[in-house]
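Single-structure report; data block below.
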Amino acid sequence: MPKYGMMIDLNKCTSCQACVTACKLENNVQIVSEDDAQNGRAMFWMKMLTLEFDGDYPNIRPKALPRNCMQCDEPSCIKVCPVRATYKRPDGIVAQIYPQCIGCRYCMANCPYTVKVFNWDRQAQPVQMEKTYDPDVSVRPKGVVEKCTFCIQRLQKASEKAAVEHRKLEPGDYVPACVEVCPVDAITFGDLDDPKSEVTKASRDYRAFGLLEELGTVPKVRYLNAIE
Amino acid sequence: MKKYLMLVAIAVGFLAGIVLVNYLVGRRESFVQPIDFSHAVHAGKYKIPCMACHQGVMMRASAGIPNIEVCGACHSTPMKKTPQELLVYKYVSQHKQIPWYSIYHVPDYVYFSHRRHVLLGKLDCKLCHGDMAALTSPPKTQFLQIKMQNCWNCHVKHGVTTDCSHCHR
């Protein structure tokens, strides 16, 4: 059984936000109304956390940290879910079962990374978004919590495709949309239990660290950054 | 007396409302297929394989209802000139799709794949759809109701995963 994880190299990341866009389209993440956005209800599964701005105007370069669900090995969100709508799969992905969710938002309150989002409302999406609708992912109704699932629909399809071809799932068969789209290959994704995988090698880099690791959540999305 | 009449009027109005709502809702449930398609003729008598028309069963998630080009392969000229057959011929000659009504649907939050069940699981269509080759008219109700319990029971029987996120998305 693999254990999926992700390493994000902040020294390579240019803060272009391609991952943010790809994620939003891949997963039919709702575009909320202007009022809701102003009330801090904008919805993202992958979001940039702005850290600082390098340089002076006009040669300014923002430094931001792409932040999705950390897919913790010891998730604090699942411990408080009263209906088991969120749980950790054997392969390490923290899944979210939308029809099971009752919208109590305990999991959101208990997530130290604040990466879970709530459907406060269901807006009619702009007409331009019709063509980007992804039939592989359900549209979450109002009153449901959602978050990054490592594009679990891609795993569903990839494992079926591999089974049809009578082979095991190979590295690269299944990657989330953000990994695929990153123009500088700053994100590596794969099996943390495979000692030869790219992601395992990256996680052994001296630059590796996780966010709020002292809490004991054991995030499986970690970062690389050289401290100058 | 007047008050009494008014109460009766309200009660009658109320009942009429219920009947009307029931009628409207009921009408939405029932449907008429544009053509009285017979699986018994095609799949039964002429033994056309299911895959010839439902081309997705081995390759994709959805089985798919055949489009008019598939019918056109055989119905480009009327054979026995029965009224139903002439109807098909009309659609074929005008290159118009037949607006079939499909009764088997999983909600969008469920992932169901025919390729997984038919090609990999080697399951017979009969298990879920009944004996289609014996039907002389399009089915009106689901054979194996699309309920989570039904999926679940068979998965338990075959030792297949019942992890929520394998079916839900």
Side-chain angles (χ1 to χ4, degrees), chain A residues 1 4 26-29 45 69 71 75 78 81 83-101 119 122 133-144 146-167 169 174 176, chain B residues 49-51 54-65 67 97 100 102-125 127-128 142 145-169:
Chain A
M1 182 62 71
Y4 292 111
E26 169 78 21
N27 293 296
N28 298 332
V29 182
W45 287 10
C69 170
Q71 309 285 352
I78 69 172
C81 180
V83 291
R84 204 173 172 271
T86 181
Y87 66 97
K88 200 182 91 183
R89 284 161 49 115
D91 60 10
I93 298 176
V94 180
Q96 192 82 27
I97 308 299
Y98 307 117
Q100 184 75 359
C101 176
N119 285 278
R122 199 62 238 174
Y133 168 76
D134 181 359
D136 294 338
V137 184
S138 65
V139 173
R140 279 78 56 189
K142 180 176 171 179
V144 164
E146 56 183 62
K147 70 165 186 73
C148 155
T149 59
F150 268 172
C151 293
I152 209 161
Q153 69 280 2
R154 289 184 167 220
L155 176 57
Q156 273 171 344
K157 290 203 144 180
S159 61
E160 187 176 312
K161 186 157 177 281
V164 169
E165 290 162 8
H166 301 291
R167 59 184 176 82
L169 210 60
Y174 157 52
Chain B
C50 313
M51 281 65 136
H54 303 294
Q55 292 164 351
V57 282
M58 290 294 210
M59 297 181 300
R60 286 193 303 266
S62 82
I65 303 276
N67 59 20
Q97 297 299 337
W100 299 110
S102 175
I103 55 165
Y104 286 96
H105 278 298
V106 290
D108 70 340
Y109 56 77
V110 172
Y111 174 65
F112 177 84
S113 163
H114 274 88
R115 182 167 67 169
R116 176 69 92 173
H117 289 87
V118 176
L119 184 66
L120 297 174
K122 304 204 167 36
L123 297 170
D124 194 352
C125 316
L127 283 171
C128 303
Q142 295 169 359
Q145 293 286 316
I146 299 184
K147 292 252 167 62
M148 184 161 124
Q149 198 59 47
N150 288 335
C151 312
W152 189 285
N153 289 348
C154 183
H155 278 204
V156 170
K157 207 170 81 196
H158 285 82
V160 182
T161 175
T162 49
D163 188 309
C164 317
S165 63
H166 283 254
C167 296
H168 287 271
R169 61 184 184 187

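Lettering follows sequence order; numbering is per chain, from 1.
- At most 12 heavy atoms of other shown residues, nucleotides or ligands fall within 6.0 angstrom of atom NZ in K157(A).
- Every residue meeting the salt bridge (Lys or Arg N to Asp or Glu O under 4.0 Å) condition with K161(A), not counting sequence neighbours, appears here in chain and number order: E165(A).
- For residues 152-169 of chain B, the interface with chain A (any heavy-atom pair closer than 4.5 Å) comprises D163(B), C164(B), S165(B), H166(B), C167(B), H168(B), R169(B), sorted by residue number.
- In this structure, chain B has no heavy atom under 4.5 Å from any part of T149(A).
- There is no contact between R140(A) and chain B, counting heavy-atom distances below 4.5 Å.
- Listed by sequence position, D108(B), Y109(B), Y111(B), S113(B), R115(B) are the residues of residues 103-115 of chain B in contact with chain A, using a 4.5 angstrom heavy-atom cutoff.
- In this structure, V164(A) and L119(B) approach most closely via the heavy-atom pair CG1-CD2, 4.0 Å.
- Here R116(B) pairs with nothing under the salt bridge (Lys or Arg N to Asp or Glu O under 4.0 Å) rule; sequence neighbours left out.
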